[in-house]
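The sequence lines fix the lettering, A, B, ..., with proteins before strands; numbering per chain opens at 1.
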Amino acid sequence: NAGVTQTPKFRVLKTGQSMTLLCAQDMNHEYMYWYRQDPGMGLRLIHYSVGEGTTAKGEVPDGYNVSRLKKQNFLLGLESAAPSQTSVYFCASSKGLWDTEAFFGQGTRLTVV
Amino acid sequence: AQRVTQPEKLLSVFKGAPVELKCNYSYSGSPELFWYVQYSRQRLQLLLRHISRESIKGFTADLNKGETSFHLKKPFAQEEDSAMYYCALLSYNTDKLIFGTGTRLQVFP
C-alpha cells in the first residue's frame, strides 16, 4: 500500500515561477488536506477538500489554489511563487471527519529564491 | 475561534524521567483531540486519540474539559521517544483538522 504520496519531494523555484504539487492517495479517502510546516508555527492548514470536486480554504490560503478533480488526487498550485512560500508542505487524507486518523505524505520541501 | 496551544517548543529530559507535553485548546462544543508524532526522517503519524482512551507506547492523554487541556504523559521516557509532537483538534463546525505549533521532545541517555 502506497498510502499518501507527494510529488515532488524537493523543488527550488525562482520568485514568480509557478508550480503544482501533487498528492495522491490510494485508500479511497474522502477528505484531503494541504498543510505547510514552518519552524515555530507548526502545521497550518492551507486548503482542504471534503470530497471529489469540492475545496475549501484553510488558515493560510493566500497565494495558493487547489483542485480535486479526482477523488484520489489533490493538487496544490502556486501561481507566482514568493520567498514567503518557502516551507515544507504536507498532504494528508482521512476516510471521513469524525474520529478518523489522518494519514500523511512524506512532505515536499520547497525553496523559493 | 478554534485554537490549539502548545506552550513549549522544546522539552528535554533524561531517560527514565516522567514526561508531560502540554496542550490547551479553545473550542465551543465537544472537541475531538489527537496527538500526532513525527520521528526523525519519518512522516507524521497518529499517536493516540482521546476518544479511544488508549495507551500507545506508554503514552496517555486525558481530556480535561474544565481546564481545556489534553496533556500527553509518559511515566518513564525512552530515548526512542525523541520526536516532534503535535496536538490536534478536529472541528466539526468547519470540517478542519487544526494543529498546534508542536513540541520537540529530546530524551537524553
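The interface of residues 102-112 of chain A with chain B, defined by heavy-atom distances below 4.5 Å, comprises A:A102, A:F104, A:G105, A:Q106. By a heavy-atom distance cut of under 4.5 Å, not one residue of residues 72-82 of chain A is near chain B. Within residues 36-47 of chain B, the residues approaching chain A closer than 4.5 Å by heavy atoms are, in numerical order, B:Y36, B:Q38, B:R43, B:L44, B:L46.
In this structure, CD1 in B:I98 is found 12.0 Å from CG in A:L43, a value given to the nearest 0.5 Å. Residue B:F99 holds its CZ atom at 10.5 Å from CZ of A:F90, rounded to the nearest 0.5 Å. Atom OH of residue A:Y35 and atom CG of residue B:L97 lie 4.0 Å apart, to the nearest 0.5 angstrom.
B:L21 and B:L63 fall within the same hydrophobic cluster, defined by Ile, Leu, Val, Met, Phe, Trp and Tyr side-chain heavy atoms under 4.5 Å apart, directly or through other members. In terms of hydrophobic clustering, with Ile, Leu, Val, Met, Phe, Trp and Tyr side chains grouped at heavy-atom distances under 4.5 Å, B:F76 and B:F59 are assigned to different clusters. Criterion: ILVMFWY side-chain heavy atoms under 4.5 Å apart, direct or through other members. Under it, A:V60 and A:Y48 are not part of a common hydrophobic cluster. Two different hydrophobic clusters hold A:V50 and A:I46 under the rule that ILVMFWY side chains link at heavy-atom gaps under 4.5 Å. A continuous path of hydrophobic side-chain contacts links A:L13 to A:V66 [ILVMFWY only; heavy atoms under 4.5 Å].
Annotation: B:E80, atom CD; neighbour count of heavy atoms from other residues, nucleotides and ligands within 6.0 Å is above 12. Annotation for B:K73: atom NZ does not count as buried by contact number, only 12 or fewer foreign heavy atoms lying within 6.0 Å.
Among pairs with a residue in residues 8-18 of chain B, those fulfilling side chain to side chain donor-acceptor pair (under 3.5 Å) read B:S12-B:Q106, at least two apart in sequence or across chains.
If you measure heavy-atom distances from A:L45 to chain B, the contacts under 4.5 Å come from the side chain alone.
Contact count against chain B (heavy-atom pairs under 4.5 Å) is highest for A:Q37 among A:R44, A:Q37, A:E59.
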